[in-house]
Amino acid sequence: MFTLAAWNINSIRTRLPLLLSWLKERTPDIVLLQETKVIDDQFPSEEIENLGYNIAMYGQKSYNGVAILSKFPIEDVTQGIPGFEDDQARYLEAVIKGMRVASVYVPNGMAVGSDKYAYKLDFLKHLYLHTQTLLTYDEAFVMGGDFNIAPSDLDVYDPEEWHEKILCSTAEREAFRSLLYLGLTDALRALHPNEKELYTWWDYQRGSWQNNFGLRIDHFLLSPQAADLLKEVSVDKQMRDVEKASDHAPVLCKLEL
DNA sequence: ATGGTAGGTGCCCTA
């Protein structure tokens with residue numbers, strides 16, 4: 001069994017002790033991180049390498065930043081979505097054990113109709129175009145991370161409150177669905193089709209964790225060749241319950257490799 | 001209608 005994880009860690013420097021203990025406990029083979037919030041020179045590589053991981057990173061100052069940790073050699077690293085001019089570090093792709101993996105941090109979008117919302121939709125359009133190209137390779141491909149989209153009302157604790165709000169608007173959901181229509185499988189939903197309260201993010205505000213005010217916005221999307229290998233997928237909710245938790249819980253995805 | 005919390009930065013921005 002081969003375990004992948006996707007986790008918006010919300011600052012890898014603040015969360016480093018938690019990350020290290022979690023890596024020791026869960027021993028994932030590959031970890032796709034988002035919101036590392038650190039430039040590459042200041043990435044805490046040594047502590048992570050000491051646990052047997054190789055690292056690919058694409059960071060920037062203060063915001064965003066993505067990384068891939070892997071127990072196996074990392075090849076063919078691509079920073080940014082090919083063909084998309086972007087000054088924000090939100091996409092990192094590599095090949096590990098013959099499987100293509102990507103760590104994705106889709107823009108939040110702030111509010112429907114804002115400039116940031118337009119940027120989010122533009123990012124998603126280019127993610128779509130690039131995914132279309134990748135799928136012509138007919139290989140196992142896994143894209144995981146923080147998509148900042150709750151695909152359906154089942155993924156939202158209070159659909160009425162969130163109706164047409166950011167993370168839930170029709171245009172965002174359509175963009176997400178277009179990715180699936182290309183042939184990708186939403187791993188969590190595929191194995192838990194009707195499960196309620198299957199959330200990955202709880203706001204720091206309003207006691208959202210304590211009240212279970214959650215949304216499912218972190219996803220694993222699998223190419224057909226990867227979906228054929230899918231065995232288990234779960235949300236590591238324990239990590240949202242600890243001291244100094246990220247506002248996102250990791251998603252764990254097990255493949256028969 | 002507003003504010004609540006968290007992280008990084010530098011006298012606010014992003015989420």
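In what follows, chains are A, B, ... by sequence order, proteins preceding strands, each numbered from 1. Everything numeric here is computed off the predicted structure, so don't read it as measured data.
A gap of 23 Å separates the P atoms of B/dT2 and B/dA6, to the nearest Å. Straight-line distance between the P atoms of B/dG3 and B/dG8: roughly 25 Å, to the nearest whole Å. Annotation: B/dA15 and B/dG4 have their C1' atoms spaced 14 Å apart (nearest Å). The same atom, P, is picked in B/dT5 and in B/dA1; the two are 22 Å apart, to the nearest Å.
For residues 160-171 of chain A, proximity to DNA chain B is found at no residue, defined as any non-hydrogen atom under 4.0 angstrom from a strand atom. Sorted by residue number, the members of residues 9-19 of chain A with any non-hydrogen atom under 4.0 Å from DNA chain B read A/Asn10, A/Ser11, A/Arg13, A/Thr14, A/Arg15.
For A/Trp202 against A/Ala249, the heavy-atom pair with the smallest separation is CZ3-CB, 3.9 Å. Between A/Val112 and A/Glu164, the shortest heavy-atom contact is CG2-O, 3.4 Å.
Taking the ring-ring contact (aromatic ring centres under 6.0 Å, His included) definition, one finds that A/Phe72 meets it with A/Phe2, sequence neighbours left out. Residues passing the side-chain contact (heavy atoms from CB on, under 4.5 Å) test with A/Ile39 are A/Asp41, A/Gln42, A/Lys61, sequence neighbours excluded. Considering only residues two or more places apart in sequence or on other chains, A/Tyr105 meets the ring-ring contact (aromatic ring centres under 6.0 Å, His included) condition with none of them.
A/Lys244 has its NZ atom 15 Å from the P atom of B/dT5, to the nearest Å. To the nearest angstrom, P of B/dG3 lies 19 Å from CZ of A/Phe213.
Annotation: salt bridge (charged side-chain N to carboxylate O under 4.0 Å, His left out) contacts involving residues 180-191 of chain A, sequence neighbours excluded, comprise A/Asp155-A/Arg189, A/Asp186-A/Arg216. Residue pairs meeting the salt bridge (charged side-chain N to carboxylate O under 4.0 Å, His left out) criterion with at least one member in residues 103-119 of chain A: none, sequence neighbours excluded. Residues in residues 212-241 of chain A take part in these ring-ring contact (aromatic ring centres under 6.0 Å, His included) pairs, two or more places apart or across chains: A/Phe147-A/His219, A/Tyr157-A/Phe213, A/Phe176-A/His219. Here ring-ring contact (aromatic ring centres under 6.0 Å, His included) pairs that include residues 17-71 of chain A, with residues two or more places apart or in two chains, are A/Trp7-A/Trp22. Screening residues 139-151 of chain A for salt bridge (charged side-chain N to carboxylate O under 4.0 Å, His left out), with sequence neighbours left out, gives A/Arg100-A/Glu139. Screening residues 219-233 of chain A for salt bridge (charged side-chain N to carboxylate O under 4.0 Å, His left out), with sequence neighbours left out, gives no hits.
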Review point. What does nucleotides 10-15 of chain B look like as a protein-contact string, B for base, S for sugar-phosphate only, - for none, at under 4.0 angstrom between heavy atoms?
Key: S--BSS

